[in-house]
Amino acid sequence: MSDERLRAIVLVGGLGTRLRPITYTVPKQLIPLAGQPVLYHVLDLLPRNVEEATLACGYKAEAIEAYLTAHPHRVKTRVVRESQPLGTGGAMRNAASGASDPFFLLNGDVISGIDLTQMLAFHREKGAFGTMSLAEVEDPQPFGVAVLDGEERITRFVEKPPRAEAPSRWINAGVTIWSREVLEQIPDRVPLSFESEVMGSVLSKGIYGFCLRSFWEDAGTPAGILHAQRLLFDHPRKDRLAARSQLEGAQVLPPVAIGRGCHADGAVVGRYVTLGQEVRLGQGARVEDSILMDGVEVGPGARIQGSIVGPGQSIPSGTVLEGRCVGSTPEGVS
Ligand code: GTP
């Protein structure tokens, strides 16, 4: 089985509304965390025996395709586009041509240290129809919540229950393995949510829960993105080159990831900061626990903390940004 070639589907077509205004110009999957886009951290999870990942794209597909062409990932990728948002189930079905048996299905915004080789071994050991990775969280309300029996089989799955009614704190971590047969349960070209509209009908076929012991975060919100970045900096992958951490003219407090062509003039950068390319920091500026995307200019004395600043934005001198997302909206800058 070790030379078996498998395939993966990665869902990357959502609108990313919780990350607006940044996602008006940049799809969520291209926001850089610890020096590389969210999507690349997701692709890094795929084991070496995955021969191809199909990216189910919709919103801003062309930006994702262009980035992948300019910066190929070690995993071969194929882009499949949707002409209308198909939801998680419809997108999975739409991207399914050539799917292996079994196949991996990943949300394009999951940041984790999950070992997919171990998860696949668990899937086979259980003789599972499907295996869902599960993360334990304080507040399960925004997620799909699973209940397991003593054999780790999922006996109940409730999508986004009210907090008081959540039957457990183990939630769908966004990485699953499926028997190819699952695709027969999903109608073609119909928008639908896999979690709300399909999961219930396949539970009886034997879906198991793989409880995560590694770090995990849903990089779907500003707080989630910044937490995911801290986790990534604290758990660097051994198979990846460390990001650049030099910035002439700045006092650097690691960990940081500095893009090409950045300039600083007596600024302080770190900890937990990503600067994209050609970022300029004025005298006495201070940036911490933040992401500044390509071409951002920060005026002298500005202080940026816990914030995400979209491409090309100018932050005037003396500004204090805390817990903010700054980017262009269809109406202007917000
Ligand atoms: P929000 O609008 O902030 O909820 O973000 P989102 O649109 O990304 O939705 P969500 O975080 O629930 O999506 C989980 C994963 O599924 C993400 O990786 C999305 O990119 C992906 N996704 C969501 N809806 C679609 C869709 O209609 N088509 C495709 N191809 N992917 C989707």
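When a ligand or atom number is given, it counts from 1 through the structure's own listing order.
- No continuous path of ILVMFWY side-chain contacts below 4.5 Å connects Leu11 to Met119, so the two sit in separate hydrophobic clusters.
- Among protein residues, Leu11, Val12, Gly13, Gly14, Leu15, Gly16, Thr17, Arg18, Lys28, Gln29, Ala56, Glu82, Pro85, Leu86, Gly87, Thr88, Ala91, Asn107, Gly108, Asp109 come within 4.0 Å of ligand 1, judged on heavy atoms.
- Aromatic rings from Trp170 and Phe157 are positioned such that their centres are separated by 6.0 Å or more.
- Side-chain atoms of Arg324 and Ser307 form no donor-acceptor pair, as typed in the model, at a separation below 3.5 Å.
- Using a 4.0 Å cut-off between charged side-chain N and carboxylate O, Glu138 and Arg169 make a salt bridge.
- Checked against a 6.0 Å centroid threshold, the rings of Tyr67 and Tyr40 count as neighbours.
- Partner Asp289 forms a side-chain hydrogen bond (donor to acceptor under 3.5 Å, both in side chains) with one of Arg230, Gln229, His227 and no other, that one being Arg230.
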